[in-house]
Amino acid sequence: EAKSRGPNHHMAFEASMQDKVAKRATLESKLRVAIQNKAIRPFYQPLIDLKSGKVCGFEALARWTDEEGAAIPPPVFIGIAEETGMITELFEDLLAQACRDALAWDDHVTLSFNVSPVQMEDKLLASRIFKVLSANGLPPPRLEIEITENALIQDPAVAAIILDELHDAGVQIALDDFGTGYSSLAQLARYRFDKIKIDKSFIATYRDDERQEKIIRAMLGLGRSLNIQTTAEGIEEHRQLGHLLQLGCDVGQGYLFGKAMPAEETRSFLDRDEALASG
Ligand code: C2E
Ligand code: MG
Ligand code: MG
Ligand code: MG
């Protein structure tokens, strides 16, 4: 690095900064148009009840393919939507679509939906969600919202009010990416979650590492003793699944079961699941 820094380094840096700023501005206006045109769609990744092996829910994951056919990663466009305030409109559009899609599933199959940390500062969030649910006919108990640990840090008092309002109506609350935030345990003490989702980084790096297994075991034990359901994200191999089953994890999610798919494919995924379960 340091060796390549000639006298032109500063100018090269400026040029690359300008390039970044320009690219970001282009992406932002493309995103605005995409939201207007409803070109961002929810896809659905199955959540599997590990004891029965059956689908118990789908997580909605936003997908955007731009005009040139390039897939823009969710963390990129969600990040821009958060910074620019477009997230509320995007969220409401995606949730409305997801509610309609979820009506095609069996009653016990829940819809999991991610809520951004910035949305947890919006005092109207719970009522916005109720409005979308009732406009689209999805009963609140069929919805589960996923928030990350960071979502509770910005304004814990407002966040607690929002979560209580949702909870009282029967919406389930999951703590996403558990174990990667600054204060995972503090968040568990602070709020009564229905579910914790162990971050996929713990599952991915888990091989025959004894320490890693102990950490996963401890997280699952924590869930059990607090009476909170546990989900493991990022299950890709049968071996990981076998261990998680043995350790008593409740729900699994990962490429082993299926990637996020368009709404049209969820019904046949459920039918195949039923057929497998009934032998
Ligand atoms: P997340 O909520 O933790 O979602 C799980 C991510 O892990 C998804 O990435 C999913 O495709 C990926 N994943 C699932 N199984 C596996 C696996 O077996 N292996 C690997 N390597 N990855 C797996 P995706 O769809 O790229 O989304 C990334 C993040 O973007 C999400 O993380 C969530 O934080 C955010 N996001 C996506 N859609 C939305 C949305 O509609 N609203 C908000 N606020 N955030 C969203
Ligand atoms: Mg999630
Ligand atoms: Mg996650
Ligand atoms: Mg994540």
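What you are looking at is a predicted structure, and each value in this text was computed from that prediction instead of being measured. Counting starts at 1 for both ligands and their atoms, following the listed order. Hydrogens, waters and symmetry mates are skipped; everything else that's a heavy atom, side chains included, is used.
Listed by number with element, the atoms of ligand 1 under 4.0 Å from a non-hydrogen atom of Glu236 are 17 (C), 18 (O), 19 (N), 20 (C), 21 (N). Short contacts between ligand 1 and Ile235, defined as distances under 4.0 Å to a heavy atom of the residue, involve ligand atoms 18 (O).
Using a 4.0 Å cut-off between charged nitrogen and carboxylate oxygen, Asp19 and Arg24 do not count as a salt-bridge pair.
The atom of Glu59 nearest to the Mg ion (ligand 2) is OE2, with the search restricted to N, O or S atoms. Within Glu146, OE1 is the N, O or S atom that lies nearest to the Mg ion (ligand 2). Within Asp177, the N/O/S atom positioned nearest the Mg ion (ligand 3) carries the name OD1. Per residue Asp176, closest N, O or S atom to the Mg ion (ligand 3): atom name OD1.
Asp49 CG to Asp250 CG: the interatomic distance, rounded to the nearest 0.5 Å, is 7.5 Å. Here CD1 of Ile40 is found 5.0 Å from CG of Leu90. Values are rounded to the nearest 0.5 Å.
Here the closest non-hydrogen pair linking Gln172 and Thr110 is NE2-CG2, 3.9 Å. Here the shortest heavy-atom pairing between Leu152 and Ala159 reads CD2-CB, 3.7 Å.
The part of Arg63 lying near ligand 1 is the side chain, judged by heavy-atom distances below 4.0 Å. The side chain of Asp177, and not its backbone, has at least one atom closer than 4.0 Å to an atom of ligand 1 (non-hydrogen atoms only; side chain from C-beta on). At a 4.0 Å heavy-atom cut-off, ligand 1 touches Asp176 through the side chain alone. At a 4.0 Å heavy-atom cut-off, ligand 1 does not touch Gln253 at all. Counting heavy atoms under 4.0 Å from ligand 1, residue Glu59 touches it through the side chain alone.
Remark: among candidates Ala62, Pro75, Pro117, the nearest residue to atom 29 (C) of ligand 1 is Pro75, based on non-hydrogen atoms.
The N/O atoms of Asn114, backbone and side chain alike, include one that comes under 3.5 Å of an N/O atom in ligand 1.
Side-chain N/O atoms of Gln253 and Lys197 include a donor and acceptor closer than 3.5 Å. A donor-acceptor contact under 3.5 angstrom links the side chains of Asp199 and Ser201, judged on distance only.
For Pro262, the side chain to side chain contact (heavy atoms under 4.5 Å, CB included) partners at least two apart in sequence or on another chain are Phe43, Glu264, Glu265. Residues satisfying the side chain to side chain contact (heavy atoms under 4.5 Å, CB included) test with Asn114, not counting sequence neighbours, are Glu59, Leu61, Glu146, Asp176.
Among the backbone and side-chain atoms of Glu233, none of the N, O or S atoms lies under 2.8 Å from the Mg ion (ligand 2). At least one N/O/S atom of Asn114, from backbone or side chain, sits under 2.8 Å from the Mg ion (ligand 2).
The ring of Phe113 has its center closer than 6.0 angstrom to the ring center of Phe91.
In this structure, Gly234 has a heavy atom closer than 4.0 Å to ligand 1.
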